[in-house]
Amino acid sequence: MQVQTQLSWSERIAATIMQQCNHEGFHAFPSGRWAYVEGMTLMAMARTGELYNKPEYIDFMKRHMDLYVQPDGSIGTYSLEEYNLDQINQGKNLFALLHGAVDDRYAEAAHLLAAQLAGQPRTSEGGFWHKKIYPFQMWLDGLYMSSPFLSQYAKTFQHPELWDEVAHQILLIEQKTRDPRTGLLYHGWDESKEQVWADSVTGCSPHFWSRAMGWYAMAIVDSVEYFPLNHPKRGTIIGIFERMCNALVRVQEPESGLWFQVLDQGFRKGNYLEASGSSMFVYALAKGVRLRYLEPHFRAAAEKGWQGLTSRLVEETADGVRLNGICHGAGLSLDRDGSYSYYVSEAVVSDSFMGVAPLLLAAIEMERLP
């Protein structure tokens with residue numbers, strides 16, 4: 001593929017994704033199952049199509065969604081009884097498909113996912129467990145997976161009480177995981193304090209993982225977008241978002257404009273400037289400025305982060321846009337103890353959709369800034 005530098009960053013990234021998927025075979029993208037990274041990638045592709053009037057990118061999303069959404073609204077490879085918040089994320093694409101649909105399949109699929117959240121296991125204060133297999137645990141990741149979906153569902157299907165639910169989830173996990181000294185949020189919280197990674201007093205995991213905070217930052221800007229202006233918790237959510245963004249700017253690496261895998265540990269041995277979290281922060285900052293959730297001065301941090309991404313972690317080759325420095329994956333469990341050594345030992349990869357999709361979302365928001 002010849003590099004087309006006259007196109008915007010988002011168009012070039014989307015074209016690379018399209019080429020990769022066509023090369024590997026339609027059914028090979030992304031993993032052959034209903035899943036959260038796939039859902040985020042499809043959403044980013046569709047947003048590129050909407051912004052630049054390229055229906056082929058919207059069709060790309062629809063064709064992949066139609067691999068799973070059945071005529072009766074059931075979803076292939078999805079199981080409600082797993083009560084896994086990750087499985088909600090791909091459902092965000094259903095709302096764009098409702099318009100012009102010839103039947104009710106997309107609405108029924110959305111109702112199915114909303115039913116999961118209605119019955120999702122909860123902490124004693126009503127916080128969603130991240131998964132049924134992770135009892136009494138809330139992870140920052142889960143807020144991105146579920147809250148924007150539920151917020152848009154509330155608006156689309158006129159269920160205003162669900163905005164109260166979204167607000168409760170966003171505010172509760174911030175209350176439980178925020179470190180008052182740094183203003184940063186710990187990756188996870190175990191109400192039972194039984195997990196090997198949980199602090200015996202607070203129940204929090206021990207470190208601030210970049211991508212976890214990235215999920216949460218994106219969750220806020222994507223959820224509040226659908227809130228009514230007069231919702232009693234809207235201002236509080238926007239307030240804690242700005243407070244958190246101040247904390248993120250304080251740990252933004254000054255020279256590169258990027259963020260570390262473990263946010264507050266700087267150039268400690270093993271730590272590195274990580275692509276997915278940095279992309280998520282640029283996205284959230286830029287969208288926050290555009291929608292006026294953040295004061296205008298945060299634009300400089302978004303621009304500096306975007307410059308760092310494109311100059312240090314992005315390459316343009318004959319095969320398109322490549323992204324380096326992506327943490328392959330991280331979680332919390334018996335063998336994933338949340339320690340510093342754990343986070344910096346996870347594989348660092350290139351071109352994973354875990355990083356490329358947030359990069360595309362960040363590009364779109366930077367291009368939408370006035």
What side-chain donor-acceptor pairs closer than 3.5 Å can you find for residues 347-365, not counting sequence neighbours?
unit_1: S350; atom_1: OG; unit_2: N324; atom_2: OD1; d: 2.7
unit_1: D351; atom_1: OD1; unit_2: L323; atom_2: N; d: 2.9
unit_1: D351; atom_1: OD2; unit_2: R322; atom_2: NE; d: 2.7
unit_1: D351; atom_1: OD2; unit_2: R322; atom_2: NH2; d: 2.8
unit_1: S352; atom_1: OG; unit_2: M354; atom_2: N; d: 3.1
unit_1: E365; atom_1: OE1; unit_2: R290; atom_2: NE; d: 2.8
unit_1: E365; atom_1: OE1; unit_2: R290; atom_2: NH2; d: 3.4
unit_1: E365; atom_1: OE2; unit_2: R290; atom_2: NH2; d: 3.0

Residues 152-161, side-chain donor-acceptor partners within the protein, below 3.5 Å, at least two apart:
unit_1: Q152; atom_1: OE1; unit_2: Y226; atom_2: OH; d: 3.3
unit_1: Y153; atom_1: OH; unit_2: H111; atom_2: ND1; d: 2.8
unit_1: T156; atom_1: OG1; unit_2: Q152; atom_2: O; d: 2.8
unit_1: H159; atom_1: ND1; unit_2: E161; atom_2: OE2; d: 3.3

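A donor-acceptor pair under 3.5 Å is absent between the side-chain atoms of Q265 and the main chain of R268, judged by distance alone. The backbone N or O of G203 sits nowhere less than 3.5 Å from a side-chain atom of D190 that would complete a donor-acceptor pair. In terms of modelled atom types and a separation under 3.5 Å, the side chain of K132 and the main chain of E81 share a donor-acceptor contact. For D86 (side chain) and A35 (main-chain N/O), no donor-acceptor pair under 3.5 Å exists by modelled atom type. N89 places no side-chain N or O within donor-acceptor distance of the main-chain N or O of G39, the cut-off being under 3.5 Å. In terms of modelled atom types and a separation under 3.5 Å, the side chain of S151 and the main chain of S223 share a donor-acceptor contact.
The hydrophobic clustering, which links ILVMFWY residues whose side-chain heavy atoms are closer than 4.5 Å, places F136 and L332 apart. Cluster annotation: I238 is connected to I220 through the hydrophobic network of ILVMFWY side chains, with a link wherever side-chain heavy atoms come within less than 4.5 Å. Hydrophobic clustering of Ile, Leu, Val, Met, Phe, Trp and Tyr side chains at less than 4.5 Å, counting indirect connections, keeps L258 apart from W209. L184 and Y343 fall into different hydrophobic clusters, where Ile, Leu, Val, Met, Phe, Trp and Tyr side chains are chained together by heavy-atom contacts under 4.5 Å. Residues Y340 and L185 fall into different hydrophobic clusters, defined by Ile, Leu, Val, Met, Phe, Trp and Tyr side chains chained together at heavy-atom separations under 4.5 Å.
With contacts defined as side-chain heavy-atom distances shorter than 4.5 Å, the pair E108/D72 does not qualify. You'll find the side chain of R243 reaches within 4.5 Å of the side chain of R178, heavy atoms only. Using a 4.5 Å heavy-atom cutoff, the side chains of M213 and F281 are in contact. Side-chain contact between R234 and Y293 is present, with heavy atoms from C-beta onward closer than 4.5 Å. At a threshold of 4.5 Å between non-hydrogen side-chain atoms, the residues W259 and E274 do not count as touching. S146 has its side chain out of reach of Q169: every pair of non-hydrogen atoms, C-beta onward, lies at least 4.5 Å apart. Within the 4.5 Å cutoff, the side chain of Q19 has no heavy atoms near those of the C21 side chain. The shortest side-chain heavy-atom distance between W9 and V314 falls under the 4.5 Å cut-off.
Ring-plane geometry between F227 and W163 is classed as tilted, the angle between the planes lying from 30 to 60 degrees on a 0 to 90 degree scale.
Rounded to the nearest 0.5 Å, atoms CD (E50) and CD1 (I58) are 5.0 Å apart. From L113, atom CG reaches atom CD of Q87 across 9.0 Å, with rounding to the nearest 0.5 Å. Between atom OG of residue S8 and atom CE of residue M366 there is a gap of 12.5 Å, rounded to the nearest 0.5 Å. The CD atom of E191 lies 7.5 Å from the NZ atom of K193; values are rounded to the nearest 0.5 Å. Atom CG in L285 sits 7.5 Å away from atom CD in Q252 (nearest 0.5 Å). To the nearest 0.5 Å, atom CD of residue E315 and atom OG1 of residue T310 are 12.5 Å apart.
Checked by atom type, the side-chain pair Y68/Q90 shows no donor-acceptor distance below 3.5 Å. Side-chain atoms of H187 and D141 include a donor-acceptor pair closer than 3.5 Å. A donor and an acceptor atom, one from each side chain of Y36 and N84, are nowhere located under 3.5 Å apart. With hydrogens and angles left out, the side-chain atoms of E82 and S79 include no donor and acceptor closer than 3.5 Å.
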Review point. Step by step, would you call L248 with N246 a side-chain contact (heavy atoms from CB on, under 4.5 Å)?
Key: CA-CA 5 Å; L248 289 171; N246 276 312; over 6 Å; no

Exercise for review: Please lay out, stage by stage, how L162 and L117 fare under the test side-chain contact (heavy atoms from CB on, under 4.5 Å).
Suggested key: CA-CA 10 Å; L162 294 180; L117 294 177; over 6 Å; no

**Study point:** Worked check of side chain to side chain donor-acceptor pair (under 3.5 Å) between Q120 and Q116
**Key:** CA-CA 6 Å; Q120 189 76 12; Q116 176 192 318; 3.1 Å; yes

Review point. Does the side-chain contact (heavy atoms from CB on, under 4.5 Å) test come out yes or no for E38 and H64, once each step is laid out?
Key: CA-CA 9 Å; E38 288 78 350; H64 283 94; over 6 Å; no

Practice item. Determine, step by step, whether M61 and L97 satisfy the side-chain contact (heavy atoms from CB on, under 4.5 Å) criterion, reporting the C-alpha distance in whole Å, the side-chain angles of both residues, the deciding distance to 0.1 Å, and the verdict. Key: CA-CA 9 Å; M61 179 270 285; L97 298 173; 3.9 Å; yes

Practice item. Would you check, one step at a time, whether the test ring pair (Phe, Tyr, Trp, His ring centres under 6.0 Å) holds for F128 with Y83? Key: CA-CA 10 Å; F128 291 152; Y83 287 106; over 10 Å; no

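Evaluation of the side-chain hydrogen bond (donor to acceptor under 3.5 Å, both in side chains) rule for K131 yields no partner, not counting sequence neighbours.
A salt bridge links D222 with K287: the distance from a Lys NZ or Arg NE/NH1/NH2 to an Asp or Glu carboxylate oxygen falls below 4.0 Å. The existence of a salt bridge linking R12 and E367 is excluded, since no basic side-chain nitrogen approaches an acidic carboxylate oxygen closer than 4.0 Å.
Across every non-hydrogen atom of M65 and L42, the tightest pair is SD-CD1, 4.2 Å. Counting all heavy atoms, side chain and backbone alike, K304 lies closest to P254 at NZ-O, 2.5 Å. Closest of all the heavy-atom pairs between L273 and L313 is O-CD1, 4.2 Å. Here the shortest heavy-atom pairing between I326 and S276 reads CG2-CB, 4.5 Å. Minimum heavy-atom separation, S278 to S210: N-OG, 4.2 Å. I173 and Y216 get closest at one heavy-atom pair: CG2-CE1, 3.5 Å.
Taking the ring axis of Y144 as reference, the NZ or CZ atom of K92 stays within 45° of it and closer than 6.0 Å to the ring centre.
Checking each of W129, W189, W139 against Y134 for a ring-ring contact (aromatic ring centres under 6.0 Å, His included) leaves exactly one that passes, namely W139.
Taking the centre of each ring, W197 and Y342 stay at or above the 6.0 Å mark. Between Y272 and F260, a ring centre-to-centre spacing not shorter than 6.0 Å is recorded.
The 12-atom threshold is exceeded at NZ of K54, counting heavy atoms of other residues, nucleotides or ligands nearer than 6.0 Å.
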